[in-house]
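What follows is a single structure, written as structure tokens, with notes after it.
For ligands, and for the atoms within them, numbers begin at 1 and follow the listed sequence. Residues: numbered from 1 along the sequence shown.
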Amino acid sequence: MAGGASPVHEGSVDATRVEAPVTIKTYLMCAFAAFGGIFFGYDSGYISGVLNMNYFISTFEHLDQATTPAADFVIPSSKMSLIVSILSAGTFFGALLAGDLADWFGRRTTVIAGCVVFIIGVALQTASSSLGLLVAGRLIAGFGVGFVSSVIILYMSEIAPRKVRGAIVSGYQFCITIGMMLASCVDYATENRNDSGSYRIPIGLQMLWALILAVGLWVLPESPRYFIRKGQMDQARSALARIRDQPEDSHYIEAELQEIDANFQYEQALIPHSGYFESWFNCFRGSIFHPNSNLRRTVLGTSLQMMQQWTGVNFVFYFGTPFFKQLGTIQNPFLITMITTIVNVCSTPISFYMIEKVGRRPLLLWGALGMVICQYIVAILHVTDGDNPQAVSAMIAFICIYIFFFASTWGPGAWVVIGEIFPLPIRSRGVALSTASNWLWNCIIAVITPYLVQTDEANLGAKVFFLWGSLCACAFVYTYFLIPETKGLTLEQVDKMMEETTPRTSAKWVPHSTFAGELGLTEKAAIGPSVTHAEV
Ligand code: BGC
């Protein structure tokens with residue numbers, strides 16, 4: 001199927017662009033699902049503050065606040081890394097399992113199940129006053145977050161209209177950042193309490209987010225692409241009609257449905273689908289050197305999420321408070337952590353516009369470059385003038401600018417792209433594997449960074465920014481060679497674009513035919529005006 005774009009036929013109906021207008025109702029429906037980001041963000045965010053709360057340390061470490069010297073009044077690195085990373089471990093397995101569940105029981109049902117599992121995990125954490133129960137609760141809650149984080153991306157990418165898909169999925173990242181900010185505000189509000197409410201309030205509050213998401217999704221329609229996979233055309237039609245806010249017999253609905261179905265049939269014909277393991281194996285089929293093979297897409301999705309974690313952003317969010325404390329001259333490290341989370345929230349909406357305007361590739365390229373520069377400046381300032389309070393203030397300013405670059409580019413960009421690059425037969429598993437990769441690397445980084453930076457271990461301190469800066473340089477090169485431009489295309493057009501281009505030529509690709517046309521389901525196969533999708 002590979003080859004250049006077919007010639008454009010002038011004066012014909014543009015079937016590549018037949019689509020329903022985007023109504024407010026459609027927007028709101030798609031945007032609600034982004035709420036899933038709140039508890040992803042909150043759950044990863046609250047722990048940094050809790051680990052530094054006096055009451056928490058004295059309860060979990062059995063230390064007396066009055067008699068223990070300040071230097072010993074900390075959670076040791078090994079326990080800290082276990083408490084932080086166990087959530088990502090649970091999430092890794094949750095995300096992997098969720099891919100199957102989303103295909104068997106539906107996207108919506110899996111997210112609702114994730115909320116229930118999450119609530120159980122949070123209840124255990126809230127009740128805990130010792131390490132064992134806290135860790136078990138975080139592991140179980142992690143499972144729930146895994147379900148939600150991988151399936152919400154799938155669901156949103158599948159229901160959003162192509163023109164606003166990037167912005168809508170960026171909304172999910174926005175909610176992650178709001179969740180993180182809420183967590184640090186709540187931590188900030190309770191940190192000085194000298195009772196178990198100091199940590200129980202921030203932990204217990206999360207149940208509310210899960211409840212809102214579960215109830216909201218109960219009301220929203222299932223993804224029509226799930227019904228098409230199941231061969232349930234009527235349900236697919238009525239779900240799509242609800243999502244697009246159109247009558248079921250509208251020609252928009254008919255055309256979109258036909259195209260999704262034709263693409264599914266086409267992709268199914270290319271891959272064998274017998275047993276359970278065989279269908280997993282399909283994600284790894286083909287040659288890594290072929291831009292369109294399933295293996296290439298799976299490696300792309302998983303490595304993109306790995307790269308997102310390699311930017312080092314969670315170093316700031318997970319270990320920000322102890323790190324800022326370690327810099328010495330900072331009076332209130334909690335406050336600085338809160339500022340970084342506020343920068344994170346305020347910068348993310350820039351991506352809503354930019355991801356559709358300039359596209360995914362340029363956004364990721366510029367973001368990586370910006371982060372490299374900031375991180376090297378932080379590391380160099382530390383090495384050359386680390387004891388000077390003004391240099392420390394400048395370091396904090398550059399850490400904030402680095403967060404700005406992350407939040408407006410790689411934060412949303414990585415989620416948007418993994419929702420777009422997989423064809424329907426392997427999409428749920430591809431997104432699940434990619435999300436699992438995010439959590440795997442999230443976990444690895446959460447485990448190793450306390451050892452890298454803390455004074456009782458490798459004591460790298462702010463020099464660790466040399467490492468993050470170098471990894472962001474890798475992210476730049478990686479994007480340049482491997483990330484295709486998916487802006488403005490339907491998921492089915494992305495599939496075709498990836499067949500016919502390489503990442504570096506992808507932005508020039510023009511939608512020129514439909515799967516429905518090629519399979520003879522509509523009158524015309526090759527149609528469309530001569531614009532690149534980058535101009536759409
Ligand atoms: C990342 C998280 C990170 C968050 C920060 C997300 O996209 O996957 O690991 O904590 O962004 O905003």
Side-chain angles (χ1 to χ4, degrees), residues 34 36-49 84-85 87-92 94-95 142 145-146 148-150 152-153 156-157 166 169-184 301-321 323 337-352 355 360 363-364 367-368 371 399-419 431-447 449 468 471-472 475:
I38 295 242
F39 75 93
F40 171 140
Y42 188 96
D43 204 43
S44 12
Y46 83 84
I47 198 68
S48 156
V84 174
S85 61
L87 176 94
S88 341
T91 314
F92 171 80
V145 180
V148 175
S149 59
S150 96
I152 277 284
I153 288 293
M156 292 179 83
S157 310
V169 178
S170 299
Y172 169 74
Q173 171 71 14
F174 185 51
C175 287
I176 295 180
T177 64
I178 293 183
M180 295 174 99
M181 185 185 68
L182 279 176
S184 62
T302 49
S303 56
L304 181 62
Q305 289 291 348
M306 173 185 82
M307 284 287 166
Q308 196 220 41
Q309 292 301 307
W310 280 12
T311 59
V313 69
N314 285 324
F315 168 70
V316 177
F317 293 128
Y318 291 174
F319 304 107
T321 310
F323 171 73
T337 306
M338 218 165 92
I339 292 173
T340 57
T341 60
I342 292 171
V343 172
N344 196 25
V345 174
C346 297
S347 319
T348 306
I350 297 172
S351 68
F352 298 174
I355 205 147
R360 285 60 163 156
L363 207 65
L364 293 176
M371 289 190 287
I399 289 176
C400 290
I401 303 175
Y402 147 58
I403 299 294
F404 160 83
F405 276 112
F406 174 85
S408 51
T409 63
W410 275 79
W415 295 110
V416 171
V417 173
I418 64 159
V431 176
L433 282 165
S434 309
T435 309
S437 160
N438 175 294
W439 287 108
L440 175 70
W441 287 99
N442 188 313
C443 179
I444 292 174
I445 288 173
V447 172
T449 31
W468 306 133
L471 291 172
C472 282

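Between Gly411 and Gln308, the shortest heavy-atom contact is O-NE2, 3.1 Å.
Taking 4.0 Å as the cut-off, Phe406 counts as a neighbour of ligand 1 on heavy-atom distance. Within the 4.0 Å heavy-atom shell around ligand 1 one finds Trp415.
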Query raised in the report: Does the side-chain contact (heavy atoms from CB on, under 4.5 Å) test come out yes or no for Ile403 and Phe317, once each step is laid out?
Result: CA-CA 10 Å; Ile403 299 294; Phe317 293 128; 3.9 Å; yes
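For atom 6 (C) of ligand 1, the closest non-hydrogen atom of the protein is Gln173 OE1, 3.4 Å. Summary of contacts: the protein heavy atom closest to atom 5 (C) of ligand 1 is Met180 SD, 3.5 Å.
Which of Thr340, Asn344, Thr311 comes nearest to atom 12 (O) of ligand 1 through a heavy atom is settled by distance: it is Asn344. Among Asn438, Asn314, Val316, the residue whose heavy atom lies nearest to atom 3 (C) of ligand 1 is Asn314.
By the 4.5 Å heavy-atom criterion applied to side chains, Thr302 and Met306 are not counted as neighbours. Looking at heavy atoms from C-beta onward, Asn314 lies in side-chain contact with Gln309 at the 4.5 angstrom threshold. Counting heavy atoms from C-beta outward, Phe406 and Thr177 have side chains that stay 4.5 Å or more apart.
Looking at Gln305 against ligand 1, nothing comes within 4.0 Å, counting heavy atoms.
Tested against Ile444, the residues Val447, Asn442, Leu440 include a single side chain to side chain contact (heavy atoms under 4.5 Å, CB included) partner, Leu440.
Atom numbering of ligand 1 starts at 1 in the shown order; those under 4.0 Å from a heavy atom of Gln308 are 1 (C), 6 (C), 7 (O), 8 (O). Of all the atoms in ligand 1, the ones that sit under 4.0 Å from a non-hydrogen atom of Gln309 are 1 (C), 2 (C), 8 (O), 9 (O). Heavy-atom contacts of Thr177 reach the following atoms of ligand 1: 12 (O) (cutoff under 4.0 Å). Per-residue contacts place Asn442 under 4.0 angstrom from the following atoms of ligand 1 (heavy atoms of the residue considered): 9 (O).
Relative ring orientation between Trp439 and Phe40 is described as tilted, the plane-to-plane angle lying within the 30° to 60° band. A perpendicular orientation is assigned to the rings of Trp441 and Trp310, their planes being inclined by more than 60° (bins at 30° and 60°).
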